[in-house]
Amino acid sequence: MCGAVRPSDSGQKAVLMGWVNRRRDLGSIIFIDLRDRSGVTQVVFNREQNAVLHDKAEQLRNEYVIAVIGQVKKRDADTFNPNIATGEVELVAEELRILNVSKQLPFLPSDTVLPNEEMRLKYRYIDLRRDAMQFNIETRHKVSMAVRDYLASQGFYEIETPFMTRSTPEGARDYLVPSRVQPGSFYALPQSPQLFKQILMISGFDRYFQIVRCFRDEDLRADRQPEFTQIDLEMTYPQQESVWAVVEGFLTAAFGAMGHKIKTPFPRMDYDEAIRQFGIDKPDLRLPAFTDVRDCFTAEDLQELAIHPDLPVIAIRTPKVGELSRKERDDIKPMFVAKGGARVFEDFKRISNKFPAAAAKIAEKAGMAENDLIVLVVGSAQIAASSEHAHRKVTPQELAIYASAGLLRVALAQKYAERHGLFVKTGDLEKDFRFVWVTNFPMYEWDESERQWMAAHHPFTSPHEEDMPKLENGAQTVKDPKSALSEVRARAYDVVLNGTELGSGSIRIHRQDIQSKIFQSLGMTDEEARTRFGFFLEALEYGTPPHGGIALGLDRIVMILAGADSLREVIPFPKTARAVDLMVDAPTPVSEAQLKDLGIQIKKPVG
RNA sequence: GGGGACGUAGUUCAGUUGGUUAGAACGCUGCCCUGUCACGGCAGAGGCCGCGGGUUCGAGUCCCGUCGUCCCCGCCA
């Protein structure tokens, strides 16, 4: 192949097929960079040696597909090209076949500047010819294979589950597929194979995995596509630790396939700890944690600054940012999303001038070095005291401060990435890939709009054994913000890498009585539960083994390994922010006949 | 649902306080060139300035609307 020719092949006859990546026509001598998936090799056409062949080569243009027969020749040392793997050799052409021509392309795979993404997506087949995309897709392939090999070696069976399944009204919006045979009824595409994989455990398959497409009809982000791929697995009789070991095992294999030897086991961190130190449940450990500097101020200082004395005062340290100009400080303000009365002090110098003693203590406590940026996030003194959640480890008022600070911490780090350099790969894997298990999530989250407790993970997650008694009055207290439900911890865990949630899993409920207790605690009557999950509740009654598992986002893993900043870079045919495929132009309206067949009528928008 | 950025040759971009014929680079076409490798040189073609309205003597430039792409919040059990 084009990328595989080496000096040791010189003298050999070779046939290379590929695209014309670039041509350099010097008149009597023509150089063609011939490209295939493996790389490029220079092909030479020399008029002096073969005039007829040279004339034919003059017709070659960018992205023509050709076959060249010739002899591999080691180049003269002064014509080596050290920039390419095949730079010490070239193919001296003896025969040329033009297999196909190309009209002028909207852009060239060999271009050094990228066209905008709209163009790239519309002509995806050209975009995918680029080296970077070839590498990303190759990375994806290698990761998939490494995961498959590892899991198979650990006794996991790869088992498929249906795409046309049943809509469950929980969670994300479903993509629906109308049934022609049952007019008026719809299948749903799975948001994940959650219930099927649990049923597989009940079916005796013991260890299951699948690299599987999932579908969620929600708004997109750089790291969210409507269809995405999960590495999904489930196993019987697990401790949390046994699931983690499997995940650490296949991630080691996957990163190893790309030449990265990662260290296991990953560190672990309680959810509460993650919130307090990083303000988010997916902490990026490459950046410094928060420092609570409340005690660096005197009570009078706090009063003068209108800082709430009972809420955390968070110092966010971003290394090596340097002194900020007035304008740069102004730019910080819109980056700050104030939740629940949180306020930002972006001008640390002003604090130092007015409160030198406090500032010195803060600098000390936060480990501030010269040129480090310190920004404070505090609770406004106006926040009304509330005892509604006083018993929680992290109260909603505190959470608001932590969360605001957490978003700002990441936003600052992104804005000043060039200055602190902490996102640059160093080659030191302990710095480049900071994995962490976040554990002991709360089982329930308070939903302010519904004024009730909701499942934080999903309702099949097992609570901690010792928290079970707190479920007792769940059904009665689900609408009470002070309910003991708030203290129930889930046996749920997330694996996080560099601030990206790679995956999420849990030990499941395997007893029907506990499962229905959970549904009750979510305010669901037995009848509601039966309508939605009847088949599953019934399955639980026929000898269900304890089981648990996890699902990891393959796209996100590949994205990080490829160093890409959007999922679209690692998905061959992705969708735009409005969920459109620009290449095939989907979705589209369908014919009246198709709709009639399905018993569907489109209600035209007014106007 | 909300906020922000962008939209000018095939492509990436520039285009001054609104003012004659809208520029550059790459790509494309032709000619020249025997060691290039992002080859070089000369000449040339190529524009619904996203679309629709408005302000103005005059709009790529100002205003309103709309469409598209991207980012963020909400949302994503």
Side-chain angles (χ1 to χ4, degrees), chain A residues 21-34 40-49 54 58 61-63 73 75-84 86-88 90 92 102-123 126 168-174 191-192 194-195 214-226 228 334-339 403-404 407 410-411 414 441 443-445 447-450 453-461 490 492 501 504 506 518 522 532 553 565-566 568 575-578 580 582:
Chain A
N21 195 50
R22 228 176 251 288
R23 73 194 161 101
R24 292 177 294 280
D25 184 348
L26 275 64
S28 295
I29 188 164
I30 296 172
F31 297 100
I32 296 292
D33 288 341
L34 192 62
V40 292
T41 287
Q42 173 166 283
V43 179
V44 196
F45 298 89
N46 195 321
R47 177 181 286 154
E48 211 168 63
Q49 286 169 20
H54 180 273
E58 277 182 334
R61 293 294 180 270
N62 283 322
E63 297 304 302
K73 188 188 135 213
R75 300 197 203 176
D76 295 337
D78 58 334
T79 62
F80 284 179
N81 180 357
N83 301 319
I84 58 173
T86 60
E88 293 186 14
E90 61 195 7
V92 180
S102 165
K103 61 178 188 179
Q104 183 178 359
L105 295 90
F107 59 96
L108 291 172
S110 59
D111 278 346
T112 41
V113 273
L114 273 181
N116 71 38
E117 203 162 356
E118 204 172 342
M119 199 57 62
R120 292 177 56 202
L121 290 173
K122 180 166 182 198
Y123 298 98
I126 299 171
T168 54
E170 308 278 306
R173 277 182 275 262
D174 288 320
Q191 297 173 24
S192 80
Q194 183 61 36
L195 291 177
C214 302
F215 307 86
R216 293 181 190 173
D217 186 5
E218 293 294 341
D219 288 353
L220 287 77
R221 287 282 192 286
D223 63 350
R224 274 172 14 201
Q225 281 274 310
F228 58 99
M335 291 160 65
F336 181 69
V337 184
K339 304 189 184 225
S404 299
L407 290 174
V410 172
Q414 274 163 4
F441 278 78
M443 183 83 184
Y444 299 90
E445 262 169 10
D447 184 322
E448 193 52 51
S449 60
E450 300 279 326
W453 293 95
M454 309 274 267
H457 190 58
H458 56 59
F460 315 107
T461 302
E501 180 197 315
S504 189
S506 63
I518 295 288
L522 289 166
R532 292 184 190 183
D565 47 20
S566 157
R568 296 184 299 277
K575 291 178 177 56
T576 69
R578 289 183 60 244
V580 168
L582 290 177

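We name chains A, B, ... by the order of the sequence lines, and we start the count at 1 in each one. As the structure is a computational prediction, the values presented were derived from the model and not from experiment. Worth knowing before you read on, the calculation uses all heavy atoms, side chains too, and leaves out hydrogens, waters and symmetry mates.
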Trainee: With A:Ser504, which residues qualify under side-chain contact (heavy atoms from CB on, under 4.5 Å), at least two apart?
Mentor: A:His457, A:Asp494, A:Glu501
Trainee: Compare side-chain N and O positions of A:Asn62 against OP1 and OP2 of B:C28 and report whether any pair is under 4.0 Å apart.
Mentor: yes
Trainee: Measure from the side chain of A:Ile29, starting at C-beta and using heavy atoms only, and say which of B:C71, B:U34, B:C33 lies closest.
Mentor: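 Looking only at heavy atoms from C-beta outward on A:Ile29, the closest nucleotide is B:U34.
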Trainee: Looking at residues at least two apart in the chain, or sitting in another chain, which of them share a salt bridge (Lys or Arg N to Asp or Glu O under 4.0 Å) with A:Asp219?
Mentor: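 Once residues adjacent in sequence are excluded, A:Asp219 has no partner under the salt bridge (Lys or Arg N to Asp or Glu O under 4.0 Å) criterion.
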Trainee: Please write out each protein N/O paired with an N/O of nucleotides 73-75 of chain B under 3.5 Å, distance rounded to 0.1 Å.
Mentor:
from, atom 1, to, atom 2, distance (Å)
B:C73, OP2, A:Arg221, NE, 2.9
B:G74, N7, A:Arg221, NH2, 2.9
B:G74, O6, A:Arg221, NH1, 3.0
B:G74, O6, A:Arg221, NH2, 3.4
B:G74, N1, A:Asp219, OD2, 2.6
B:G74, N2, A:Asp219, OD2, 3.3
B:C75, O2', A:Glu218, OE1, 2.6
B:C75, O2, A:Arg224, NH2, 3.2
B:C75, N3, A:Arg224, NH1, 3.3
B:C75, N3, A:Arg224, NH2, 2.7
B:C75, N4, A:Arg221, NH2, 3.4
B:C75, N4, A:Arg224, NH1, 3.2

Trainee: Please state how far atom CD in A:Glu48 lies from atom P in B:C33, giving the value in whole angstrom units.
Mentor: 14 Å
Trainee: With distance as the sole criterion, do the side chain of A:Arg75 and the base of B:C37 form a donor-acceptor contact below 3.5 Å?
Mentor: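 Pair found.
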Trainee: Going by side chain to side chain donor-acceptor pair (under 3.5 Å), name the residues that satisfy it together with A:Glu118, two or more places apart in sequence or in a different chain.
Mentor: none
Trainee: What nucleotide among B:G35, B:C76, B:A38 has an atom nearest to a side-chain atom of A:Ala172?
Mentor: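 So the nucleotide nearest the side chain must be B:C76.
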Trainee: Heavy atoms under 4.0 Å is the rule here; annotate nucleotides 3-12 of chain B 5' to 3' with B where the base is hit, S where only the sugar-phosphate is, and - elsewhere.
Mentor: -------SSS
Trainee: Quantified in whole Å, what is the C1' atom distance between nucleotide B:G23 and nucleotide B:C70?
Mentor: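 The same atom, C1', in both gives a distance of 27 Å.
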Trainee: One thing to verify: whether A:Lys73 and A:Glu90 come together as a salt bridge, which I'm taking to mean a side-chain N less than 4.0 angstrom from a carboxylate O.
Mentor: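 Answer for the salt bridge query: yes.
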Trainee: OP1 or OP2 of B:G35 sitting under 4.0 Å from any side-chain N/O of A:Thr79?
Mentor: no
Trainee: Are A:Arg24 and B:A38 close enough that a side-chain N or O sits under 4.0 Å from OP1 or OP2?
Mentor: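 Result: no.
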Trainee: Under 4.0 Å from OP1 or OP2 of B:A38: is there any side-chain N or O of A:Thr112 that close?
Mentor: no
Trainee: Among all residues two or more places apart in sequence or in another chain, which pass the side-chain contact (heavy atoms from CB on, under 4.5 Å) test with A:Arg216?
Mentor: A:Ala172, A:Gln191, A:Ser192, A:Phe228, A:Gln230
Trainee: Tell me every residue that passes salt bridge (Lys or Arg N to Asp or Glu O under 4.0 Å) with A:Glu58, counting only those two or more places apart in sequence or in another chain.
Mentor: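 By the salt bridge (Lys or Arg N to Asp or Glu O under 4.0 Å) rule, A:Glu58 matches A:Arg47.
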Trainee: Tell me which nucleotide among B:U34, B:C37, B:C72 gets nearest to the side chain of A:Ala222.
Mentor: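 The listed nucleotide nearest to A:Ala222's side chain is B:C72.
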Trainee: By side chain to side chain donor-acceptor pair (under 3.5 Å), which residues pair with A:Asn21, not counting sequence neighbours?
Mentor: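 In terms of side chain to side chain donor-acceptor pair (under 3.5 Å), with neighbours along the sequence ignored, A:Asn21 is linked to A:Arg35.
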Trainee: Not counting sequence neighbours, which residues clear side-chain contact (heavy atoms from CB on, under 4.5 Å) with A:Val580? List them please.
Mentor: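 Checked A:Val580 against side-chain contact (heavy atoms from CB on, under 4.5 Å); matches are A:Thr576, A:Leu582, A:Pro587.
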